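For reference, the structure is listed below as structure tokens.
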Amino acid sequence: MEGREVGDAIRGARIYAEARKISDPVVIVKTGRHKAQRVILSEKAVARVEKKLRWIA
């Protein structure tokens, strides 16, 4: 099952997350001109996929 153990990941078009502590956003390079942001959630962090990716069955 995804998202239960250390190192697991969740994927979705929109992910809703809550936490008591959130790190400052860091810009990361994805592909070519595309950029993304990375944050770290800690202390009672919860995340939920609100909209799944179209290409995942």
Side-chain angles (χ1 to χ4, degrees):
M1 177 177 279
E2 283 189 359
R4 294 271 180 184
E5 299 296 325
V6 173
D8 286 356
I10 58 174
R11 295 176 185 257
R14 186 177 332 154
I15 298 173
Y16 174 83
E18 292 181 3
R20 289 182 55 98
K21 286 188 178 180
I22 300 173
S23 69
D24 292 331
V26 176
V27 176
I28 59 173
V29 176
K30 292 304 267 185
T31 58
R33 294 184 186 177
H34 299 124
K35 304 240 184 313
Q37 291 183 345
R38 175 180 294 148
V39 296
I40 298 172
L41 308 173
S42 57
E43 291 190 27
K44 297 186 179 183
V46 176
R48 175 180 74 230
V49 176
E50 286 193 338
K51 183 178 177 184
K52 71 178 189 175
L53 294 172
R54 284 185 279 167
W55 52 271
I56 293 181

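Quantities reported herein were computed from a predicted structural model and do not represent experimental measurements.
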For this session: Write down the atom of P25, the atom of V39, and the distance for their closest heavy-atom approach.
Result: CA-CG1, 3.7 Å
Exercise. In this structure, are over 12 heavy atoms from other groups packed under 6.0 Å from I40 atom CD1?
Worked result: no
Seminar exercise, completed: Between V49 and R11 the two heavy atoms that sit nearest each other are CG2-O, 3.8 Å
Problem set entry | K21: partners by salt bridge (charged side-chain N to carboxylate O under 4.0 Å, His left out), with sequence neighbours left out | E43
Problem set entry | ILVMFWY cluster membership beyond V46 - transitive side-chain contacts under 4.5 angstrom | none
Exercise. What's the shortest heavy-atom distance between A19 and L41, and which atoms?
Worked result: CB-CB, 3.7 Å
Exercise. To the nearest 0.5 Å, what is the distance between CD (E50) and CD1 (I15)?
Worked result: 9.5 Å
Exercise. Which atom names give the shortest non-hydrogen contact between I28 and Q37, and what distance separates them?
Worked result: CG1-N, 4.4 Å
